[in-house]
Amino acid sequence: MPWQQKIRYLTGQPVGISFTNGQGATGVLCGVSGSKVLVIEYLYQAQFALKQYDAFMIQDINGFPPCHNQQPLY
């Protein structure tokens, strides 16, 4: 399925984005504004940034898989 069709299902979810130049990014998908894809990314400590990526730069967007180990880690 093309990433443009996945947007409605992935909005508000953690995603991985692959770009046409081979790089990638992760964050929470906020949606689309015009030809820009909006993603909140973690910077450091308690700081986050809303980033905008041109749609033509995006090769694919995929949601994170669920965690299979539900056991507490302690």
Side-chain angles (χ1 to χ4, degrees):
M1 171 184 310
W3 68 264
Q4 295 89 339
Q5 293 178 1
K6 297 179 190 179
I7 293 287
R8 73 175 108 174
Y9 304 109
L10 295 174
T11 298
Q13 301 296 316
V15 296
I17 302 172
S18 58
F19 299 109
T20 55
N21 66 3
Q23 294 181 325
T26 60
V28 175
L29 180 63
C30 294
V32 177
S33 178
S35 63
K36 305 275 187 184
V37 174
L38 308 175
V39 181
I40 292 181
E41 295 181 11
Y42 174 72
L43 297 177
Y44 59 93
Q45 292 183 350
Q47 296 185 25
F48 296 83
L50 177 63
K51 301 235 182 141
Q52 302 178 31
Y53 296 106
D54 291 317
F56 72 86
M57 295 175 49
I58 297 175
Q59 181 175 3
D60 201 7
I61 299 176
N62 290 292
F64 273 58
C67 296
H68 294 294
N69 183 3
Q70 299 299 324
Q71 300 293 330
L73 299 175
Y74 50 86

Are [X] and [Y] in one and the same hydrophobic cluster, where Ile, Leu, Val, Met, Phe, Trp and Tyr link if side-chain heavy atoms are under 4.5 Å apart?
X	Y	answer
V37	M1	no
M57	V39	yes
L43	V28	no

Would you confirm whether N21, through its side chain, and Q23, through its main-chain N or O, come within 3.5 Å as a donor-acceptor pair?
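It does hold such a pair.
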So, taking the atom named [atom1] in [X] and the one named [atom2] in [Y], what distance separates them when rounded to the nearest 0.5 Å?
X	Y	atom1	atom2	answer
W3	I17	CH2	CD1	9.0 Å
T11	K6	OG1	NZ	13.0 Å
I7	C30	CD1	SG	10.5 Å
K36	I58	NZ	CD1	10.5 Å

Kindly give the heavy-atom pair with the smallest separation between L38 and S33, and that separation in Å.
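It is CD1-CB, 3.9 Å.
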What pairs meet the ring pair (Phe, Tyr, Trp, His ring centres under 6.0 Å) rule with one or both residues in residues 14-48, with sequence neighbours excluded?
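Of all non-adjacent pairs touching residues 14-48, those that pass ring pair (Phe, Tyr, Trp, His ring centres under 6.0 Å) are F19-Y53, Y42-F48.
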